[in-house]
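Reminder, nothing fancy here: chain letters follow the sequence lines and each chain counts from 1.
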Amino acid sequence: MSVNYAPILWNRQKKRYDRIMLGLITLYLILFAAFQLLFRPEISPETLIIRATATLAFLMLHLILMIGPLCRLDRRFLPLLYNRRHLGVTMFLIALVHAAFSIIQFHALGDVNPLVSVFTSNINYQSISQFPFQVLGFFALLILFLMAATSHDFWLDNLSPRIWKSLHMMVYFAYALLVMHVLLGVLQQEGYPAGFIFLGIGMVAVSSLHLAAAIKGKRQEERPEGTTADTFVPVCRVDEILENRAKVVIIRQENIAIFKYDGKLSAINNVCKHQNGPLGEGKIVDGCITCPWHGYQYLPENGQSPPPFTEKVATYDVKVMDGKVYVNPKPYPEGTTRPAAVIGV
Amino acid sequence: MPNNNFYIGYMEKMPASFRKPVRLFVLAAAILFSIGSFLIVRSQQAFSTATFELGQLTTVEGILRMEPAPMLQLETGKDSKGRPILQSILLIGFGKHGAEATLEKVEAQRKLKLDGKKLKLEGTLIYHDGKTLLELTQKEKSILDVLDVAPLNRQLTELGQISLRGEIADPKCYFGVMKPGEGKTHRSCAARCIAGGIPPILKAVSNDGQVQYFIIEGEDGEPINEQVLPIVGEPVQLTGSVVLYDDWLVLRLKDANSAQRLSARFMLEAPMCNSGKLN
């Protein structure tokens with residue numbers, strides 16, 4: 001969280017993250033080239049670069065897609081999430097090397113512009129088996145470029161979190177395009193069963209982790225029923241909420257996080273303004289509700305980020321009766337101060 | 001999990017209980033990258049042993065023949081009956097272009113016809129499976145000298161009507177510039193090369209695994225590069241008359257649109273048909 005835009009706010013964790021990431025990338029490229037020279041030395045240098053970068057970027061995309069659900073399943077993976085954008089931008093750059101070499105190799109020095117050639121050199125668009133697979137890769141790269149180019153918080157603020165998040169959710173469409181790019185390209189050409197098995201394992205791993213995270217999230221959701229609108233709804237006992245932590249409930253489509261701190265209870269909307277992170281899975285640090293995804297902070301009594309920050313979320317009325325917590329799901333405008341419910345009164 | 005365990009990215013250190021799963025993830029990624037690179041490399045199909053002498057220029061002398069495609073005709077020796085043994089080096093332009101444009105520019109510059117003349121050429125050799133090509137890497141500067149000599153006789157043999165199954169490729173990539181230089185992943189490049197004037201070839205494999213290459217042209221020997229573009233890089237059956245020009249087979253098609261698309265499976269089961277006259 002920062003008031004001014006800086007290219008990267010470095011800290012010890014980020015530096016370690018990037019060092020490990022670059023180490024793994026180097027390991028892959030060295031091993032790929034070594035195995036290639038050992039087992040398939042006839043390969044041309046261009047094909048070696050094209051295949052090494054393609055497979056590396058695709059493997060990295062799988063890991064990137066797995067980090068989100070892993071964090072939902074076990075919050076101890078959160079250190080992987082915090083710097084994920086570096087992983088994403090690096091993966092895009094590797095994919096760009098693959099694309100640039102492929103376009104130069106297959107389309108340059110010909111009778112038409114190489115980019116025009118990508119779309120016109122194979123025009124079997126009506127056929128599934130003969131479909132021009134390079135076009136699929138081109139559009140996937142375009143999505144990855146938009147994501148990499150807008151990965152900085154400058155774009156998050158200027159595009160609005162809703163548009164930014166929608167844009168970045170397109171990574172799943174890019175993944176689908178890339179699966180087809182691989183299937184209708186190299187796997188169709190090479191025809192080796194191992195390739196189909198690798199791809200299948202990757203797809204199953206990504207989709208099953210997302211499914212497991214969704215099931216866990218659904219199970220954790222509590223949806224107490226309110227009798228009528230604008231009334232308090234019983235949620236849980238006070239002692240079910242840990243100190244400086246929250247209880248999350250969804251009542252009439254309102255996603256509410258009720259925090260317990262300093263002998264009080266306050267309720268705010270559960271969705272962080274930064275990247276829709278789950279505030280209720282966060283913690284009160286230095287008196288502020290702190291989002292577990294990227295550390296954005298809000299004051300519990302008014303849902304406002306402490307000055308000079310400007311993010312605001314909706315607030316709700318909470319009360320305690322006979323050791324039970326009640327919340328009124330009617331939201332107040334974002335940033336409205338509501339008195340905390342005092343426990344034991 | 002203890003209540004005091006909470007991680008924010010801008011913290012200098014992560015809580016101790018977070019280290020184990022994060023380390024496990026990094027270890028799993030390292031194992032995935034190590035085993036993955038091995039398995040991916042091992043599961044690739046073998047690459048051809050074709051050669052493109054990139055960065056190495058070679059000088060070759062021979063008689064230029066413009067039919068069926070620009071070639072340099074060389075006499076490499078005599079057979080037991082004293083007849084000359086001829087080898088034809090297929091000439092290719094720089095990039096994804098045929099050699100015609102370069103040769104026409106030289107003809108215009110020198111105001112003479114090159115067909116039938118003895119040329120001294122400097123270019124990059126491409127060779128595989130008994131076939132040799134020369135890329136005119138330095139374009140017009142590749143033609144070092146033009147000499148008038150008595151032309152060598154051509155050895156032409158009509159082999160009649162034949163149906164062949166195989167794949168249309170561009171000879172420049174297939175015989176060495178690219179690996180793989182055939183199949184779907186190379187289709188775009190082959191289409192670009194053929195559209196740029198490089199003569200299309202049909203690679204046909206006989207039932208006993210013997211590979212034969214045919215330069216494809218029209219019924220009257222005219223180039224039909226544009227017409228074959230839709231079927232480049234996929235299994236096809238072509239029917240036409242075959243002529244042997246010295247050491248190159250030429251398949252003359254009456255109509256490129258009569259080509260039959262085949263499934264890859266069909267190709268494996270019956271790679272070449274009606275090829276008896278070629279054996």
Side-chain angles (χ1 to χ4, degrees), chain A residues 1 9 11-14 20 24 27-28 31-32 35-36 39-40 42-44 46-47 55 59 63 70 74-80 82-83 105-111 117-118 121-123 130 132-134 185-186 188-190 192 194-195 198 242-245 282-283 285 290 292 294-295, chain B residues 1 3 5-15 17-18 20-22 25-26 29-30 32-34 36-50 52 94-97 177-180 183-189 191-193 195-197 229-230 232-234 261 263-264:
Chain A
M1 211 172 174
L9 291 169
N11 62 20
R12 182 174 171 269
Q13 284 292 107
K14 271 190 187 174
I20 291 170
L24 287 173
L27 171 79
Y28 183 83
L31 285 178
F32 193 94
F35 290 137
Q36 198 75 60
F39 299 115
R40 299 275 188 268
E42 306 86 10
I43 194 171
S44 64
E46 300 87 358
T47 305
T55 50
L59 279 173
L63 295 180
L70 271 177
D74 186 338
R75 69 171 74 149
R76 290 177 302 163
F77 286 107
L78 276 170
L80 297 168
Y82 183 74
N83 217 18
Q105 173 93 331
F106 299 130
H107 300 279
L109 299 175
D111 58 338
S117 176
V118 169
S121 53
N122 176 2
I123 51 169
Q130 301 303 326
F133 72 100
Q134 292 174 341
V186 72
Q188 193 179 4
Q189 162 110 354
E190 298 276 321
Y192 48 74
F198 297 155
L242 294 172
E243 181 66 10
N244 291 327
R245 297 283 189 176
K283 187 181 177 185
V285 178
T290 304
H294 300 93
Chain B
M1 187 189 302
N3 189 30
N5 268 354
F6 184 67
Y7 175 76
I8 318 168
Y10 45 72
M11 284 174 160
E12 286 294 306
K13 278 187 174 181
M14 70 174 91
S17 64
F18 283 52
K20 194 176 172 188
V22 170
F25 184 90
V26 172
L32 174 72
F33 279 19
S34 305
S37 58
F38 174 79
L39 292 176
I40 289 167
V41 167
R42 287 292 285 170
S43 57
Q44 293 173 111
Q45 281 185 13
F47 296 95
S48 83
T49 53
F52 174 46
F94 178 71
K96 295 176 172 60
H97 296 281
V177 173
M178 294 207 188
K179 295 180 181 184
K184 192 176 180 188
T185 55
H186 185 262
R187 179 180 300 164
S188 298
C189 182
R192 215 50 310 119
C193 286
L229 287 180
V232 164
E234 54 182 299
R261 285 191 161 96
S263 71

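Looking at every heavy atom in both residues, Phe6(B) comes nearest to Gly282(A) through CE1-CA, 3.6 Å. Shown here for Arg76(A) and Pro21(B), the closest heavy-atom pair between the two residues is CB-CG, 3.4 Å. Taking every heavy atom of both residues into account, Ser37(B) and Leu31(A) meet most closely at OG-CB, 3.5 Å. Nearest approach of His97(B) to Gly110(A), heavy atoms of both residues: NE2-O, 3.5 Å.
Because its NZ or CZ atom is both nearer than 6.0 Å to the ring centre of Phe39(A) and within 45° of the ring axis, Arg42(B) counts as a cation-pi partner of that residue.
Heavy atoms closer than 4.5 Å to chain B are found in the side chain of Val285(A), but not in its backbone. Within the 4.5 angstrom heavy-atom criterion, atoms from both the backbone and the side chain of Leu24(A) approach chain B. Residue contact with chain B, scored on non-hydrogen atoms closer than 4.5 Å, involves the side chain of Phe198(A) exclusively. Interface residue Leu39(B): backbone and side-chain heavy atoms are both found under 4.5 Å from chain A. Of the atoms belonging to Ile43(A), heavy atoms from both backbone and side chain fall under 4.5 Å from chain B. Contacts between Glu190(A) and chain B at a heavy-atom distance below 4.5 Å involve backbone atoms as well as side-chain atoms. Only the side chain of Gln134(A) comes within contact range of chain B, with at least one heavy atom under 4.5 Å from a heavy atom of that chain. Of the two parts of Lys20(B), neither the backbone nor the side chain holds a non-hydrogen atom closer than 4.5 Å to a non-hydrogen atom of chain A.
Taking the side chain as every heavy atom from C-beta outward, Tyr7(B) and Gln13(A) approach each other to under 4.5 Å. With a 4.5 Å cut-off on side-chain heavy atoms, Phe133(A) and Thr185(B) count as touching. Annotation: side chain of Ile123(A) is not in contact with side chain of Pro230(B) (no heavy-atom distance under 4.5 Å). Between Phe52(B) and Ser44(A) the shortest side-chain heavy-atom distance does not fall below 4.5 Å. Proximity of Gln105(A) to Cys189(B): side-chain heavy atoms (C-beta onward) are nowhere separated by under 4.5 Å. Using a 4.5 Å cut-off on side-chain heavy atoms (C-beta onward), Thr47(A) and Phe47(B) make contact. At least one side-chain heavy atom of Phe94(B) sits less than 4.5 Å from a side-chain heavy atom of Leu109(A).
Side-chain polar atoms of Gln36(A) and Gln44(B) form a donor-acceptor pair below 3.5 angstrom.
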Step-by-step side-chain hydrogen bond (donor to acceptor under 3.5 Å, both in side chains) determination, Gln130(A) to Arg187(B): CA-CA 10 Å; Gln130(A) 301 303 326; Arg187(B) 179 180 300 164; 2.4 Å; yes
Test log, rule side-chain contact (heavy atoms from CB on, under 4.5 Å), inputs Ser188(B) and Val118(A): CA-CA 7 Å; Ser188(B) 298; Val118(A) 169; over 6 Å; no
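In terms of non-hydrogen atom pairs under 4.5 Å with chain A, the most contact-rich of Val22(B), Leu32(B), Ile40(B) is Ile40(B). When each of Ala194(A), Pro79(A), Ser121(A) is scored by its heavy-atom pairs under 4.5 Å with chain B, the top score falls to Pro79(A). Ranking Ala30(B), Gly183(B), Ser43(B) against chain A, the residue ahead of the rest is Ser43(B), based on heavy-atom pairs under 4.5 Å. Chain A forms the most heavy-atom pairs under 4.5 Å with one residue out of Lys96(B), Lys179(B), Glu234(B), and that residue is Lys96(B). For the options Gly196(B), Cys193(B), Gly36(B), Pro180(B), heavy-atom pairs under 4.5 Å to chain A are most numerous at Pro180(B). Ranked by heavy-atom pairs under 4.5 Å with chain A, the list Arg261(B), Lys184(B), Met178(B) is led by Lys184(B).
Rounding to the nearest 0.5 Å places CZ of Phe25(B) at 11.0 Å from CD1 of Ile20(A). Atoms CZ and CZ, on Phe32(A) and Phe38(B) in that order, are 12.5 Å from each other to the nearest 0.5 Å.
Listed for the Arg192(B) side chain is no donor-acceptor partner under 3.5 Å among the backbone atoms of His107(A).
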